[in-house]
Amino acid sequence: MAAAMELRCWGGDWGLPSVHTESLIVLAYAKFSGAKVTASPIDWTWKTLTATVPELVCGDSTVKEPSQILNFLRKQRFNADYELTARQGADTMAYIALLEEKLRPALLHTFWVDAENYANLTRPWFASRSPFPLNFFVPSCQANIALSRILLTKGESPLHRITEVEGKIYSDAKECLNLLSYRLGTTNYFFGNSPTSLDAFVFGFVAPLHKASLPSSPLQNHLRQLDNLTCFCDNILAVYFNSSHPCPPPPVQETMDANLQKLTQLVNKESNLIEKMDDNLRSSPQHKPHRPDPKPSLAGEKSSTPA
């Protein structure tokens, strides 16, 4: 009998199973692959102050970080990427790298550095889930970590201060969202009729930005113009987390601006490189995973109903 799997993660709000990007990624992938994972929301106590979230506990094994947790689930034969080709696997790695480089800094700034959002949304939410006196310490500590990470990754010469970096990180994030929207097009998922790890990562990054009631966010306003991305999040919530009803994806724009073309070329270049590195791994024996039949999207069910 397989050991029970428990995922320690931040709790949910705003219509999401978790408000935390990394936790959302793992929760979504578990749903996609059919893994029976029990979510256990945490709060900041002295015991968990230095804990890494999310954390998967299975028997005597403890696994941290989304990429490591997903690999662990694959070894347990819960593999949402089983049917992907080598090219699609390379595309997945390239797009995940793009999310980390282009979108994450802007999300950190939106939730943790922007003064209005931090004071009215982020700090009160995390403080309310932290006992005294940690409710005074934890939010400011996380905000400092976010600011340091932004400056470390984006504060290159001549951009050294956060006010100088803001324009660059939001420009990169908008281009990233545009590319994701173009790649998704009119489909429900990025690779065919079943969600994969790329869908889990995109959902984890985009859903909090889509659902949070942010007092100030030009990036959220930009996302709301990309209807297929917001419907992508709503569809996953409706089909896998029993949330609101999805809306059908709108027609995709057939033209791309120059910046979007550059990003597409960058992803394709990274995909080709990763595909070459991935050939040897793909040649190793693969086991068919314990994976349930893919759930049809609610939009698809509606469209197939006779008039």
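Remember, predicted model here, so these are calculated numbers, not experimental data.
Interatomic distance, Gln220 CD to Gln225 CD, rounded to the nearest 0.5 Å: 12.0 Å. For the atom pair CD of Glu65 and CD1 of Ile25, the computed distance is 10.5 Å after rounding to the nearest 0.5 Å. For the atom pair OG1 of Thr21 and CG of Leu209, the computed distance is 9.5 Å after rounding to the nearest 0.5 Å. Of the inter-residue distances, the one linking Asp114 atom CG with Leu214 atom CG reads 8.5 Å to the nearest 0.5 angstrom. Taken to the nearest 0.5 Å, the NZ atom of Lys75 stands 10.0 Å off from the OG atom of Ser61. In this structure, CG on Asn193 lies 10.0 Å from CD on Glu83, to the nearest 0.5 angstrom.
Side-chain atoms of Phe126 and Trp112, non-hydrogen and from C-beta on, do get closer than 4.5 Å to each other. Phe111 has its side chain out of reach of Val19: every pair of non-hydrogen atoms, C-beta onward, lies at least 4.5 Å apart. Looking only at side-chain heavy atoms (C-beta outward), Glu22 and Val53 stay at 4.5 Å or farther from each other. Looking at heavy atoms from C-beta onward, Leu177 lies in side-chain contact with Leu219 at the 4.5 angstrom threshold. Taking 4.5 Å as the limit, every side-chain heavy atom of Gln142 sits out of range of all side-chain heavy atoms of Thr122. The shortest side-chain heavy-atom distance between Cys9 and Val26 does not fall under the 4.5 Å cut-off. Considering only heavy atoms from C-beta on, Pro195 stays 4.5 Å or farther from Ile236 through its side chain. Between Asn235 and Tyr189 there is a side-chain heavy-atom pair separated by less than 4.5 Å.
Phe190 and Phe232 have perpendicular rings, their planes meeting at more than 60° on a 0 to 90° scale where under 30° would count as parallel. By the 30° and 60° cut-offs, the orientation of the rings of Tyr170 relative to His109 is perpendicular.
A donor and an acceptor atom, one from each side chain of Asp227 and Thr230, are nowhere located under 3.5 Å apart. Between the side chains of Ser33 and Tyr82, no donor-acceptor pair is found at a separation under 3.5 Å. No hydrogens or angles considered: a donor-acceptor pair under 3.5 Å links the side chains of Asn228 and Ser181.
For the side-chain contact (heavy atoms from CB on, under 4.5 Å) test with Val113, the passing option among Leu108, Leu151, Ile150 is Ile150; the others fail. The residue from Tyr240, Phe241, Phe201, Phe78 that alone fulfils the ring pair (Phe, Tyr, Trp, His ring centres under 6.0 Å) condition with Phe32 is Tyr240.
Environment of CD in Glu116: crowded, with over 12 heavy atoms of neighbouring residues, nucleotides or ligands closer than 6.0 Å.
Between Pro208 and Leu16, the shortest heavy-atom distance links the atoms CA-CD1, 3.7 Å. Closest approach of Leu121 and Ala212 over heavy atoms only: CD2-CB, 4.0 Å. When all heavy atoms of Leu103 and Cys176 are compared, the closest pair comes out as CB-SG, 4.1 Å. Listed here is the closest heavy atom pair of Arg149 and Glu100: NH2-OE1, 3.8 Å. Between His222 and Lys174 the shortest heavy-atom distance is NE2-O, 3.6 Å. Nearest heavy atom pair, residue Leu73 against residue Met5, reads CD2-SD, 3.7 Å.
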- Message: side-chain contact (heavy atoms from CB on, under 4.5 Å) for Thr196 and Asp199? Distances and angles first, verdict last.
- Response: CA-CA 5 Å; Thr196 65; Asp199 298 280; 3.2 Å; yes
- Please assess Asp172 against Glu101 for the test side-chain contact (heavy atoms from CB on, under 4.5 Å), listing each intermediate value before the final yes or no. CA-CA 9 Å; Asp172 287 348; Glu101 180 183 352; over 6 Å; no
- CA sep, side-chain torsions, deciding dist, call: Leu99, Leu180, side-chain contact (heavy atoms from CB on, under 4.5 Å): CA-CA 9 Å; Leu99 287 167; Leu180 292 172; 3.7 Å; yes
- Go through Lys31 and Phe203 one step at a time and tell me if the side-chain contact (heavy atoms from CB on, under 4.5 Å) criterion holds. CA-CA 12 Å; Lys31 292 285 188 179; Phe203 176 73; over 6 Å; no
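Of the possible polar contacts, one joining the Asp81 side chain to the Ser197 backbone as a donor-acceptor pair under 3.5 Å is found. Side chain of Ser171 to main chain of Lys168: no donor-acceptor pair is present (N/O by atom type, distance under 3.5 Å, no hydrogens or angles).
Trp14 and Val206 end up in the same hydrophobic cluster when Ile, Leu, Val, Met, Phe, Trp and Tyr side chains are linked at under 4.5 Å.
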